[in-house]
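Here is the structure we will look at, set down as structure tokens.
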Amino acid sequence: MTCGPPPQPQPAYFYYPVVYYPPPPPPPIPRPQPQPQPQPRPPPPPPPPPPPPPPPQLTECHVEANIIDVHSFVTLSQKFYNPAHVATTELTYNFTVLAGAAICGFEMIRASGRKVIGVIKDKDQALREMNSAKAAGHAFALGQEFTKDVFSISVGNINPHETITVNISYINPLIDDDSIFRNRAGLFPQLRFSLPLAYLQRPGQGPDGKILTGVHPTNVPFTMELSIEQSSCIIDYRTPGYTPTATFGRDGVPKPDHERFLHLSFPKSTSSADIIVIIAAEELAFSRAFIEHHPSHSPPSTALAFTFVPAHDLYEVEAATEMEYIVLVDQSNSMAGLKLQMTQKALEFLLDQLPSTGSHFNIFSYGETVRHFSSESVYYDDVTVGRAKEYISAMQANLGANKQTARALKHVFDSLPTTLTRPVSIFLITDGAAWDIKDCMSITQQAIASKSTQSNFMRVFTLGLGDGVSTETCDGIARAGGGMATYIVSAEQSFLGKCVRLVSGARTRPITDIKISWEDESLLPQEPTTEVEASAHFHPQQEPQLIPTRSKKKKNQDARVLRYSEPEEHPEERYISSTPIGALLRAKQAPVKLSFLNGTRVSVFALVPRNIARTTTLNVEFTIPSRPGNNPRYRLDPVDIDELSHSHGKTFLHTIAAKAIITDLEDKHLSALNAEAADLQGEITHYGKKYGLTSRFTSFLAIDDGRTPVGLANDVFGTTSVLNTRLSTLRSEQQPVQVQSGFRAFSVSAPRAKVEPPDDRAILFQLANLQSVDGGYSANNAAKVIELVSPTCPTGAMEMVQIYDMNLRSALLAWLWISLWCGVEADLVLKKVNAWIRKNAGPEVDVEVVQKMLYETADDY
């Protein structure tokens with residue numbers, strides 16, 4: 001091993017990194033930026049367009065009305081104001097009228113006093129001329145039927161701040177109210193005058209396809225002057241909801257016969273409730289016939305009118321041992337509030353009036369859908385009636401806004417067998433606020449024709465509820481169904497009599513083959529010479545009842561009814577083209593198909609060539625089917641004809657007869673097709689133009705173009721004095737008024753004065769509600785009945801009945817109380833309780849003697 005020198009130490013080295021940071025570059029020299037150019041300001045927005053000028057406003061209404069005998073003559077004046085600084089273009093609004101009104105006068109009065117007379121024209125032509133007048137700047141007013149009970153007025157080109165007046169004139173036959181008014185002197189028929197005050201559009205889809213939701217102006221001030229002239233003493237009048245000032249006597253001057261004249265002055269009001277005036281007079285039940293010779297027609301024509309009230313026990317022929325009653329109740333949204341409450345009360349009372357035995361019933365409710373109380377009709381007994389009243393009390397107006405009345409009617413008709421096994425009566429309760437009237441009538445007509453037979457017939461009745469109710473809907477369905485329509489407004493506290501009239505009419509058989517002799521047979525040709533003339537020999541099948549007639553030679557109220565030979569066979573009705581349209585070759589009657597119901601006024605009209613018209617008396621013949629195979633023929637005493645003399649060429653009887661003819665033709669036109677529809681339209685237009693009447697195809701148009709004549713276009717009024725001759729002949733020694741009902745044992749014509757009458761309708765409703773189906777009162781209800789009637793029952797009667805058990809005692813006191821205090825609205829309740837008494841009193845009780853003794857205790861009442 002070699003040893004060397006030790007190694008030498010090595011030097012240590014250290015490294016320090018050095019970082020170089022170059023100096024920052026100099027800042028860039030800023031370049032000059034271009035200055036922004038000022039942007040142009042946007043132009044200011046254009047000013048908003050000026051608001052459209054306010055439309056003309058309906059500011060005031062005034063009504064002048066005259067009631068002459070059984071007809072009303074009305075002129076409605078409406079003022080329109082243009083508040084704008086420019087001439088207005090057009091305003092259209094609708095208001096309610098009665099469906100049967102013959103609108104025969106239309107005029108526009110400018111602020112300058114210039115009167116522009118409306119001229120009746122074809123509806124399409126009137127619209128064309130109105131549009132031309134609008135474009136030319138001429139003031140105009142167009143009046144047309146939107147429907148039969150909604151009249152439409154369009155006004156336009158009214159100067160700035162100008163007020164114009166539009167006058168509308170119409171004639172309307174009056175209807176009966178509750179048939180009979182009762183005061184302490186007896187029972188008297190009543191007339192009902194109605195003036196709808198609703199300015200409205202019905203909700204839903206209208207006939208022109210438009211959806212209408214709004215309501216036209218309300219709170220429009222109105223005043224009314226109403227003069228009433230009757231052929232006998234006016235016993236009583238009522239104006240539910242209004243308090244007019246009343247003055248008896250013509251022009252306010254008392255005269256010996258001043259009780260026949262009444263003037264009512266209604267102060268300014270903004271109420272929208274319909275005006276109802278109910279008049280009771282002594283001789284309203286008497287038949288009357290009038291004749292009017294047209295002063296200018298060529299060839300000469302005559303108009304005849306016949307009005308009567310069928311009221312006789314002979315008419316009360318029960319339809320059958322079994323019968324079915326169906327109630328169709330409107331529960332759409334429009335029925336909310338008071339209408340529904342009225343419906344429930346009316347329906348309960350109507351149920352209580354059905355016959356004790358042989359009755360079947362059912363209840364349907366409808367709006368946009370249909371519901372039912374039972375899947376099929378049930379037998380009428382206390383159990384089913386109790387269930388039905390629970391169903392009624394639970395009703396609400398919640399079945400939709402767009403009511404489907406036609407669909408509901410079809411639903412009811414389809415629920416019945418194809419061939420009826422018993423007679424059927426249908427009651428429709430509605431406010432009528434719907435547009436499907438055409439379908440309603442068509443469906444009803446088809447069902448009646450296909451299901452009814454002579455023994456098992458079907459009829460439809462309507463009850464219209466509320467203010468502004470659609471009379472076209474209710475009247476049209478009742479006409480198509482061979483029944484009747486009656487109405488209740490919100491201000492009427494009682495409507496029991498109306499329910500009784502419906503049930504009484506439903507229970508009686510149709511009176512058929514009614515013939516009124518308008519023509520003098522001695523003046524007729526031996527054989528018809530044309531097909532048109534041959535068609536005049538058709539005498540249609542018709543419906544129920546009879547009449548009291550007043551002859552100038554006889555003072556008895558009741559008609560003497562004569563049986564005579566069996567009815568002649570008549571050819572079936574068929575469509576025959578009218579050529580030429582409107583040719584009057586034989587008597588033309590309207591309505592052609594008559595519906596007579598016991599206690600309900602009927603008015604029939606005819607246009608007759610003057611050379612063959614009867615001028616002294618009318619003969620009326622008909623058949624009352626008593627049982628199958630036994631249909632005796634009857635004739636009334638001849639009815640004297642009173643002539644209406646003309647001052648200044650008034651033609652109101654021709655006008656109202658023409659309106660009745662138009663209504664018949666329009667009903668046929670609903671279901672007509674092709675050539676028949678065209679012919680009917682031509683005939684309707686002919687009568688509208690000839691007699692100055694609005695219709696489905698004719699309208700009034702007034703244009704102020706500086707050339708329109710000034711004067712009365714269709715002078716049908718001025719008839720206030722036409723009854724003077726007749727009134728003097730009818731005034732005679734007053735006859736005692738006897739109860740016409742077959743259910744009462746005694747007359748109530750003796751005056752009573754010592755006891756104040758109770759609120760008979762309120763108590764009557766409770767008596768009916770407590771009554772069992774068989775007519776008596778159960779042990780639970782008998783004490784309630786006695787408590788109800790005892791304050792106004794004779795003390796002697798209360799003591800006399802103590803010997804009987806509670807059930808018989810309550811029934812006898814109910815019978816006595818109704819006999820003392822109620823009119824015909826209680827007849828069906830009275831009949832049922834009387835039948836129960838006779839069945840359950842026992843052989844030891846002589847019912848007639850007991851009732852007579854009870855009645856004699858009321859001498860001081």
Side-chain donor/acceptor of Gln230 to backbone N/O of Ile234, under 3.5 Å: no

Expected output: side-chain Ser452 to main-chain Phe457 donor-acceptor under 3.5 Å: no

Ile326 side, atom CD1; Leu416 side, atom CG - distance, nearest 0.5 Å: 4.5 Å

Min side-chain heavy-atom separation Ile235-Glu282 under 4.5 Å: yes

Polar side-chain atom of Ser374 near backbone of Ser377 as donor-acceptor pair, under 3.5 Å: no

Partner set under side chain to side chain contact (heavy atoms under 4.5 Å, CB included) for Asp431, not counting sequence neighbours: Asp330, Ser334, Met335, Lys339, Lys403, Ala433

Close side-chain approach of Ile278 and Ile276, heavy atoms under 4.5 Å: yes

Donor-acceptor contact below 3.5 Å, side chain Ser356 vs main chain Val773: yes

Plane angle bin for Tyr634 and Phe622 - parallel if under 30°, tilted between 30 and 60°, otherwise perpendicular: parallel

Min side-chain heavy-atom separation Val789-Leu767 under 4.5 Å: yes

Ile488 and Leu463, any side-chain heavy atoms less than 4.5 Å apart: yes

Exercise: do Lys451 and Asn456 side chains pair donor with acceptor under 3.5 Å: no

Partner set under salt bridge (charged side-chain N to carboxylate O under 4.0 Å, His left out) for Arg809, not counting sequence neighbours: none

Side-chain touch Ser365/Leu399, heavy atoms, less than 4.5 angstrom: yes

Pair Arg238-Gln190, side-chain donor/acceptor within less than 3.5 Å: yes

Worked verdict on Lys389 versus Leu347 for side-chain contact (heavy atoms from CB on, under 4.5 Å): CA-CA 9 Å; Lys389 289 186 177 181; Leu347 187 49; over 6 Å; no

From Ile477 atom CD1 to Thr405 atom OG1, the distance as rounded to the nearest 0.5 Å: 6.0 Å

Least distance between heavy atoms, Ala480 atom then Ile448 atom: O-CG1, 4.0 Å

Non-neighbouring partners of Glu324 that pass salt bridge (charged side-chain N to carboxylate O under 4.0 Å, His left out), sequence neighbours left out: Arg422

Exercise: do Asn834 and Gln851 side chains pair donor with acceptor under 3.5 Å: yes

Aromatic centroids of Phe361 and Tyr325 separated by under 6.0 Å: no

Trp836 backbone acceptor or donor facing Asn840 side chain under 3.5 Å: yes

Note, Ile426 side chain near Val424 side chain (heavy atom, < 4.5 Å): yes

Ring geometry between His372 and Phe364 (parallel below 30°, tilted from 30 to 60°, perpendicular above 60°): perpendicular

Where at least one partner belongs to residues 813-823, residue pairs that pass salt bridge (Lys or Arg N to Asp or Glu O under 4.0 Å), sequence neighbours excluded: none

Gap between atom OG1 of Thr795 and atom CE of Met800 - 0.5 Å precision: 11.5 Å

Nearest-0.5 Å distance that lies between atom OG in Ser504 and atom NZ in Lys831: 8.5 Å

Stepwise side-chain contact (heavy atoms from CB on, under 4.5 Å) test for Leu808 and Ile837: CA-CA 7 Å; Leu808 182 56; Ile837 292 170; 4.2 Å; yes

Tyr777 backbone acceptor or donor facing Asn807 side chain under 3.5 Å: yes

Minimum side-chain heavy-atom gap Tyr366-Val329 below 4.5 Å: no

Straight-line distance of Leu350 CG to Leu828 CG, nearest 0.5 Å: 9.5 Å

Nearest atoms (heavy-atom pairs only) where Val785 meets Ala814: CG1-CB, 4.1 Å

Chi angles and distances behind the side-chain contact (heavy atoms from CB on, under 4.5 Å) call for Ser194, Asp274: CA-CA 7 Å; Ser194 300; Asp274 293 354; over 6 Å; no

Residues that Tyr380 engages under side-chain hydrogen bond (donor to acceptor under 3.5 Å, both in side chains), provided they are two or more places apart: Lys832

Thr384 side-chain N/O to Tyr379 backbone N/O, donor-acceptor pair under 3.5 Å: yes

Euclidean distance, Ile786 CD1 relative to Ser810 OG, rounded to 0.5 Å: 5.5 Å

Non-hydrogen atoms of Leu816 and Pro794 that approach each other most closely: CD2-CD, 4.0 Å

Heavy-atom closest contact (Ser772 atom, Ser778 atom, distance): OG-N, 3.9 Å

Reference residue Ser425; test side chain to side chain contact (heavy atoms under 4.5 Å, CB included); the match among Met323, Met458, Arg507: Met323

Main-chain N/O of Gly505 paired with Arg459 side-chain donor or acceptor, under 3.5 Å: yes

Nearest heavy atoms of Ala478 and Thr462, plus distance in Å: CB-OG1, 3.9 Å

side-chain contact (heavy atoms from CB on, under 4.5 Å) between Ser819 and Leu830, worked out: CA-CA 8 Å; Ser819 298; Leu830 190 65; 3.9 Å; yes

Cationic N near anionic O, under 4.0 Å, Lys852 to Asp846: no

Which atom of Ile818 lies closest to which atom of Ala826, heavy atoms considered: CG2-CB, 3.3 Å

Pair Asp475-Tyr487, side-chain donor/acceptor within less than 3.5 Å: yes

Residue pairs, two or more places apart or on separate chains, that pass salt bridge (Lys or Arg N to Asp or Glu O under 4.0 Å) and touch residues 766-789: none

Phe349 and Val500, any side-chain heavy atoms less than 4.5 Å apart: yes

